[in-house]
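Worksheet: one structure, shown below.
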2 protein chains.
Amino acid sequence: MTAEPGVTAPPRSKYLQIKDALLEAYIDGKPAGSALPPERVLAADFGVTRVTVRRAIDELESDGLVYRVQGGGTYSVGPSIAKSLRLTSFSEDVRARGRTPSSRLLEVAHGAAGDEVGRSLHLSPGDGVVTVRRLRMADGEPMCLEVCALAAATVPGLEDLDLTGSLYELLERHYGIAPTRAEQLIEATVLDEHDAAMLGVPPFSAALRATRTSYDSRGGPVEYAVTTYRADRYSLRFAVRRD
Amino acid sequence: MTAEPGVTAPPRSKYLQIKDALLEAYIDGKPAGSALPPERVLAADFGVTRVTVRRAIDELESDGLVYRVQGGGTYSVGPSIAKSLRLTSFSEDVRARGRTPSSRLLEVAHGAAGDEVGRSLHLSPGDGVVTVRRLRMADGEPMCLEVCALAAATVPGLEDLDLTGSLYELLERHYGIAPTRAEQLIEATVLDEHDAAMLGVPPFSAALRATRTSYDSRGGPVEYAVTTYRADRYSLRFAVRRD
DNA sequence: GAGTGGTCTAGACCACACT
DNA sequence: GTGTGGTCTAGACCACTCC
């Protein structure tokens, strides 16, 4: 059972392959409002059942890339808009925008979890946590300040590793920990003089603050992170639907 | 054509009924991490196929209320967290929080669309738009400033209607227009003296700004709205997953 | 009426977790 | 091995839109 030459990727599910094919054929570079072929036609073309085609289109719809009209058809929203809400690390995020991520490590500290962090990580307030403070940059330009807390017991020796890259990659490689889902809170705030100076903006500038608790596939909390983004460099864009 | 006594709601799809039943039985009031029964058991209990049960659980998962572990099971995230990202009007939003919405109408103006609004509403810059400025409140307390633009041709006589309630309800009732999806941009900003006074907070306070373009079921743009929320009263909370 | 998306059935096999 | 969720098939009927 060998793969076709040029097909080096691991065998992905059909509906994901179809999603990519639809993206390339009917969405990327097509004007907004272009119609996709009917589901039954696509099913025949791809040699799958309609259920599988629908699954692919379900993903495109929840990503905000197409919309459906019952009895009407399926239409492209247009090529440029609508980034979906996926759990991504800062490094992945910056690379996806075609820029180069880097970090300046500000502090690695051991201490007690305390109340809020302990509750989020399912620890007692006195349990040990490692706190990593970093200034994160894209093409060398400051983008956000990140404070990340992890249960000390789960990441022994973290402070001796290179913390200027992707924390998610590092957790996976050294500890076999991989966050798969997270709860996220987005607020607006104003930067104090210290944080503003770090980010290279005037004091009292606006900022977006994201507070995130990440969980691994077994449901255990992995990371509690507070990230403060420059308002002039960061925004959230997504599609919403009505029930 | 009368409904059954006691069955006042229109017949909803099975998977939505199952979703509600699962919510009540296994999520509301249950501690985080509680396991749901296996999909095959639920299918038998509800007298449907596994596909239909999975569809219900798909919705719960994308709402951030449960998470699944392949080979393991399906678990509740807990009762309190994770509001989903649905397209809701301010009035609906406030009522969902158990408070009473109200509005103060600041201005209704006719004018040319201009560049940005025109592009969003698929109009020429010189086409007419109606702009509605409102201060929106919950239990009488200022929550946000809303500026909403609609194509003048689609809402004749809008300025003579009662604009202190839900704009979505009004669009539906008087013009048969119902937004079904939207693209939304979230940014952080700082309030100027005028807006801060309107919202009853000190000048230069932080605020969340949401810029939204809504579309009806046929894909036509309906509304271009910029809403500025008090940062101390409004935040966004949602669940994210990794691919 | 013809065509489209929306829902649902009754199975099957695979990948992964637990023990 | 057994049980779980993940994917997929080959149909069916309904609700809606457009002509």
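In this text, all values refer to a predicted model and were calculated from it rather than measured experimentally. As a basis for the values below, the full set of heavy atoms in this structure was taken, side chains included, without hydrogen atoms, waters or symmetry mates. Here is how names work: the chains are called A, B, and so on, in the same order as the sequence lines, proteins then strands, and each is numbered from 1.
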Between [atom2] of [N] and [atom1] of [X], the distance in whole Å:
X: A:Arg218; N: C:dC16; atom1: CZ; atom2: C1'; answer: 13 Å
X: A:Ile18; N: D:dT9; atom1: CD1; atom2: C1'; answer: 13 Å
X: A:Asp216; N: C:dA17; atom1: CG; atom2: P; answer: 12 Å
X: A:Phe46; N: D:dT9; atom1: CZ; atom2: C1'; answer: 17 Å
X: B:Leu42; N: C:dT9; atom1: CG; atom2: P; answer: 14 Å
X: A:Asp58; N: D:dG6; atom1: CG; atom2: P; answer: 15 Å
X: B:Tyr67; N: D:dT4; atom1: OH; atom2: P; answer: 17 Å

**Asked** Is a side-chain donor or acceptor of A:Glu59 paired with a backbone partner of A:Ala56 at a separation under 3.5 angstrom?
**Response** no
**Prompt:** If you pin B:Ser217 and A:Tyr15 to their nearest nucleotides in DNA chain D, which one's is more 5'?
**Reply:**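 It is A:Tyr15 whose nearest nucleotide is closer to the 5' end.
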**Request:** Using heavy atoms to find the nearest nucleotide of DNA chain D for A:Arg40 and B:Arg50 separately, return the residue whose nucleotide is more 5′.
**Result:** B:Arg50
**Message:** Strictly by Watson-Crick or wobble contacts shorter than 3.5 Å, is anything paired with C:dT19, and which nucleotide is it?
**Reply:**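 Here C:dT19 is not engaged in any pair, so there is no nucleotide opposite it.
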Report yes if at least one side-chain N or O of [X] is closer than 4.0 Å to OP1 or OP2 of [N]; otherwise report no.
X: B:Arg68; N: D:dT4; result: no
X: A:Thr52; N: D:dT9; result: yes
X: A:Arg54; N: C:dG6; result: yes
X: B:Thr74; N: D:dG5; result: yes

**Request:** Show the numbers, then the answer: is there a side-chain contact (heavy atoms from CB on, under 4.5 Å) between B:Leu60 and B:Tyr26?
**Result:** CA-CA 11 Å; B:Leu60 295 173; B:Tyr26 302 109; over 6 Å; no
**Prompt:** Does the pair B:Tyr15 and B:Asp20 meet the rule for a side-chain hydrogen bond (donor to acceptor under 3.5 Å, both in side chains), with working shown?
**Reply:** CA-CA 9 Å; B:Tyr15 79 92; B:Asp20 289 343; over 6 Å; no
**Message:** For a side-chain contact (heavy atoms from CB on, under 4.5 Å) check, start with the C-alpha distance between A:Glu187 and A:Leu208, then their side-chain angles and the critical distance, and finish with the verdict.
**Reply:** CA-CA 6 Å; A:Glu187 301 167 292; A:Leu208 271 184; over 6 Å; no
**Asked** What nucleic acid atoms does B:Gln70 come within less than 4.0 Å of, heavy atoms only: base, sugar-phosphate, or nothing?
**Response**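 Result for B:Gln70 = base.
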From C-beta outward on [X], which listed nucleotide comes closest to its side chain: [options]?
X: B:Glu39; options: C:dT7, D:dG6, C:dT9; answer: D:dG6
X: B:Lys14; options: C:dC18, C:dC8, C:dT7; answer: C:dC8
X: A:Pro38; options: D:dC18, C:dG5, D:dT7; answer: C:dG5

**Message:** For B:Asp63, is there an ion pair with B:Lys19 - N to carboxylate O distance below 4.0 angstrom?
**Reply:** yes
**Asked** So does B:Arg55 reach the base of C:dG6 with its side chain, donor to acceptor, closer than 3.5 Å?
**Response** no
